[in-house]
Amino acid sequence: MLNHLISRLLSPSLRSHPSKISALRFSTTVSAAERLYNHLQGCTTNLEKELASANVNLDSTCINEVIRRCDPNQFQLGLRFFIWAGTQSSHRHSPYMYSKACDFLKIRTNPDLIKDVVGAYKKEECFVSVKTMRIVLSLCNQAKLADEALWVLRKFPEFGLCADTVAYNLVIRLFADKGDLSMADMLMKEMDCVGLYPDVITYTSMINGYCNAGKIDEAWKLAKEMSKHDCVLNTVTYSRILEGVCKSGDMERALELLAEMEKEDSGGLISPNAVTYTLVIQAFCEKKRIREALLVLDRMGDLGCTPNRVTASVLIQGVLENDEDVKDLSKLIDKLVKLGGVSLSECFSSATVSLIRMKRWEEAEKIFRLMLVSGIRPDGLACSHVFRELCLSERYLDCFVLYQEIEKEDVKSTMDSDIYAVLLLGLCQQGNSWEAAKLAKSMLDKKMRLKVSHVEKIIEALKKTGDEDLMSRFSTD
DNA sequence: TTAGGGTTAG
C-alpha cells in the first residue's frame, strides 16, 4: 500500500517503475537519446555529419538526456552535440535549454570548453555557418562570458563568415553589462568600420551600461548621436536614461525628464509607459518620499497610463513601509483598481507578501484572512508565503484549514510543492491523520511530484501514526 | 531592447 503511494508521488525520472503513460514517453525519448549518444561515442571525425545520419527527431527531453549522459568527462562532446542540435531546422533551442546546457556542461566554470569546440571545428575543417556561431554566442551570453564571446566574434573570418549586427550587439551588451564600457565602445565604433550600423539595440545596451556606471552625461551624448545612424530615441531607451537619473538620486531632474517624455510634440515616440512611471515611483519609494510617489501615480492615471502588478506592489510596499495607517493602504488599493490593469486580488496578495517580507506576520495573516472572507482569491505567491509561515511556526492544522478554504475558492495558482510536503509531514507528525489523508488525496489528484527525500520522510511519519484508516485511504485512491 | 516576487514545464 505504501509502495503504491511512493510510486505515485515520486517524479517519473526518479521512479523505478514508472506508470504506463510516462513509461511510454520515457522509453521513446531514451531510445532516441541513446541512439544519438551511441552515435556520438562512435565518432572519430565528422561528428556533425555522423549525427545527421542518426535521423532522429529532436526534442528538448532527448537533447537534455544526451547532454546529461556526457557528464562527467565528455563535456566537449556534449557541447558539440548541443550546438549541432540547435543548427537543425527541425529544432530551435529555447532560452531554458541554453541555461540547462550551461549548467549541465558547466560552461561557467569551464569557459575554455567554448574555445576547445570552436578550435576543433577549425582543426577538423567542419562546416560552420553563421547559425552555428550564433548558437555558440548565445551560450556565451547565457553564461555571461564576455571575453569568450569576443573571442568567438574574432573567429568569424577564420570560417569565411562575417559577423552581423546581432553578433556585435550580443558581445557589446555583455561588455556593457559587465561595466567594461571602453571595450563596448570600441566594438561599437568597429561596427562602422566593417560596414555595419549600430541599431537601437546597440544604443540601448550602451546607454544602459553608462547609466549603470553613473555616467549619465555619456549616456546623453550617445542618445543625441543616435540620429546619425537613423536611430530614433524611443520609450525604452529614454526610460533607461531616466532610470540612471533616478539612481543618481536627482529626482527633480527625473521629474523634468518625465515631463519631457509626456509632451505631446514628441510624437508619442518617447511617451512614458507603465515601466517608465514605475521606475520613478520606485525611486521615490526607496527614498521614503511616498507622497511624491503617489503623485506620480496620479499623473500616470491623468495621462491614461495603466499601472501594472509591479507598479502596484512597489507602491503598496512603499505605503506599508512608510505609513502605519491602514486607511492609506485601502485608499491606494482602491485607486489602483479604479485605474485598471491590476485586480483587488493582486493588490491584497501583494500586501500580504510585503508584510511577510517585513516580518509583520500578524498583519499579513489578518489581510490574508480578510481576503478569504471577502471572497477575494489570493494569488499563488501569497498562498505560498502564508503557508510557509504557518508551517514554520508548526501551525499545521491552521494551515490545513486555510488550504481547504482556498481550495474551495478554486485557486488555480501553482504553489510550491515543497510546502505541501512539509505540511503533510507536519500533519502526520502531529497526529492529524484524517487531514493528512485528505491533503495527500488532493496532492495525488493534482499529480504533484515530490522529492524522494520528502516522500521518504512522509512514509516514515505515516508508519509512526500506524493509522490503518489512513493507509486504506491511500490504497483505495 | 523593459523590471519583478514563489512554482511548474520545456
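Just so you know, these numbers come straight off a predicted model, no measurement behind them. Proteins get letters first, then strands, A, B, ... in listed order; numbering begins at 1 in each.
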Asker: Can you tell me the distance, in whole Å, between the CE atom of A:M97 and the P atom of B:dA9?
Answerer: 15 Å

Asker: Using a 4.0 Å heavy-atom cut-off across all strands, classify A:T278 as base, sugar-phosphate, or nothing.
Answerer: base

Asker: Report which part of the nucleic acid A:D199 touches: base, sugar-phosphate, or nothing (heavy-atom distance under 4.0 Å, all strands).
Answerer: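 Counting heavy atoms under 4.0 Å across all strands, no contact is made by A:D199.
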
Asker: When you get a sec, tell me which of B:dA3, B:dT1, B:dG10 is the closest nucleotide to the side chain of A:I201?
Answerer: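 So the side chain of A:I201 is nearest to B:dT1.
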
Asker: Of the candidate nucleotides B:dA3, B:dG10, B:dT1, which contains the atom at the shortest distance from the side chain of A:Y96?
Answerer: B:dG10

Asker: With heavy-atom distances below 4.5 Å as the criterion, would you say the side chains of A:Y197 and A:M191 are in contact?
Answerer: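 They are not in side-chain contact.
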
Asker: Grab the CG-C1' distance between A:N212 and B:dA3 for me, whole Å please.
Answerer: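 My rounded result for the distance is 12 Å.
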
Asker: Whole-Å distance between B:dA9 C1' and A:I63 CD1?
Answerer: 15 Å

Asker: Please work out if A:S94 contacts a base, only the sugar-phosphate, or nothing of the nucleic acid, heavy-atom cut-off 4.0 Å.
Answerer: nothing

Asker: Let me know the distance between CG of A:N273 and C1' of B:dT1, rounded to the nearest Å.
Answerer: 12 Å

Asker: Would you indicate what A:T235 reaches in the nucleic acid, counting non-hydrogen atoms under 4.0 angstrom: base, sugar-phosphate, or nothing?
Answerer: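 Answer is base: heavy atoms of A:T235 come under 4.0 Å of a base.
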
Asker: On the ring face of A:F104, is A:K100 found with NZ or CZ under 6.0 Å from the centre and within 45° of the axis?
Answerer: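 Yes; both conditions hold, so A:K100 lies above the ring face of A:F104.
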
Asker: To the side chain of A:V200, which of B:dT1, B:dG10, B:dA3 is closest?
Answerer: B:dT1

Asker: Using whole Å, what does the distance between atom C1' of nucleotide B:dA9 and atom OH of A:Y98 come to?
Answerer: 19 Å

Asker: Using whole Å, report how far CG of A:L269 lies from P of B:dT1.
Answerer: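 Atom CG in A:L269 sits about 19 Å away from atom P in B:dT1.
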
Asker: Taking the six-membered ring for Trp, are A:Y203 and A:H229 parallel (under 30°), tilted (30 to 60°) or perpendicular (over 60°)?
Answerer: tilted

Asker: Can you measure A:Y420 atom OH to B:dT8 atom P for me and round it to whole angstrom units?
Answerer: 12 Å

Asker: Want to settle it: does A:N64 or A:Q282 sit nearer the 5' end of DNA chain B, counting the closest nucleotide to each?
Answerer: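 Its nucleotide being nearer the 5' end, the pick is A:Q282.
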
Asker: Give me the atom names and distance for the closest heavy-atom approach of A:V200 to A:M226.
Answerer: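 The pair with the smallest heavy-atom distance is CG1-CE, 4.3 Å.
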
Asker: Roughly, in whole Å, what's the span from CZ in A:F387 to P in B:dT7?
Answerer: 16 Å

Asker: Among B:dG10, B:dT1, B:dA3, which nucleotide has an atom closest to any side-chain atom of A:R173?
Answerer: B:dT1

Asker: Does this structure show an ion pair linking A:R253 with A:D250, if we count only N-O contacts that are shorter than 4.0 Å?
Answerer: no

